[in-house]
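Before any comments, here is the structure.
Counting convention: from 1, in listed order, for ligands and their atoms alike. Quick caveat, the model's predicted, so the values are computed rather than measured.
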Amino acid sequence: MTTPPPPLLSEATIIDRVDQLAAEIDRDYSGIDELVLVGVLKGSFIFLSDLARRLTIARRIEFIAVSSYGDRASEEAGGSVRLLMDVRHDLAGEHVLIVEDIVDTGHTLAYLRRAFSARQPATLRTCTLLHKPDRTEEDVELDYVGFTIPDVWVVGYGLDFAERYRTLPYVAALPPELR
Ligand code: 5GP
């Protein structure tokens, strides 16, 4: 078995930041009936579960899936994104928070913002655990950002490389020899 890569962001660092984000979201949405957290599979599932459990406001969980890296066709199309699995409820009039693992080029979140705003939610915001500003091509609005990181391929805490490392409890930069 390969030795896991060392942490870029430790488990304690991540949890501290998730605590802060949850407190911020609680404050920003105080007084609403319910927040709909829309997690983007698969990468956001651990972040979403930690974040959702730290909120005190009323909330509901939904998941969506989009085409992503590894999908040659979408890369060649210059970052076009497809919705592979949708939410099961109408989002009109709802307070919607899209929860992503990482914003890289920004194409995915820009697409999701457009697709979800067309459904006429009461409010639509975005939350990402990680952001790589050096790689971002689309000027997408990020309302909550956990950490800004350099242009490295990261794994762990939900993020994978070819389905490996997803359940590492921390975020690591994957060295080329482990790819
Ligand atoms: P974007 O559309 O912003 O370029 O990319 C978003 C998606 O690309 C993320 O949701 C994630 O699936 C994938 N991605 C981008 N950078 C990384 C990375 O460093 N590590 C992993 N595991 N996935 C990444």
Selection from Leu41, Asp101, Asp104 by shortest heavy-atom distance to atom 5 (O) of ligand 1: Asp104
Mutual orientation of the aromatic rings belonging to His95 and Tyr29 [parallel < 30°, tilted 30-60°, perpendicular > 60°]: perpendicular
Proximity flag Lys132 to ligand 1, non-hydrogen atoms under 4.0 Å: yes
Backbone or side-chain N or O of Val154 under 3.5 Å from ligand 1 N or O: yes
Any N or O of Gly106 closer than 3.5 Å to N or O of ligand 1: yes
Whether Leu130 lies under 4.0 Å from ligand 1, heavy atom: no
The one among Val66, Ile102, Leu112 that brings a heavy atom closest to atom 13 (C) of ligand 1: Ile102
Candidates Asp16, Asp19, Asp26 - the one meeting salt bridge (Lys or Arg N to Asp or Glu O under 4.0 Å) with Arg54: Asp19
Ligand-residue contact atoms, ligand 1 with Asp160, heavy atoms, under 4.0 Å: 21 (C), 22 (N)
Mutual orientation of the aromatic rings belonging to Tyr157 and Phe47 [parallel < 30°, tilted 30-60°, perpendicular > 60°]: tilted
Under 3.5 Å donor-acceptor, Thr136 side chain and Asp104 backbone: yes
Arg166 side chain to Gly158 backbone, donor-acceptor under 3.5 Å: yes
Derivation and outcome, salt bridge (charged side-chain N to carboxylate O under 4.0 Å, His left out), residues Asp143 and Arg113: CA-CA 12 Å; Asp143 299 291; Arg113 258 200 173 275; 2.9 Å; yes
Where ligand 1 meets Glu100 - atom numbers and elements under 4.0 angstrom, heavy-atom basis: 10 (O)
Ligand 1 atoms in contact with Thr108 (distance to a heavy atom under 4.0 Å): 1 (P), 2 (O), 5 (O), 6 (C)
Glu163/Lys42 salt bridge by N-O under 4.0 Å criterion: yes
Side chain, backbone, both or neither: the part of Val152 lying under 4.0 Å from ligand 1 by heavy atom: backbone
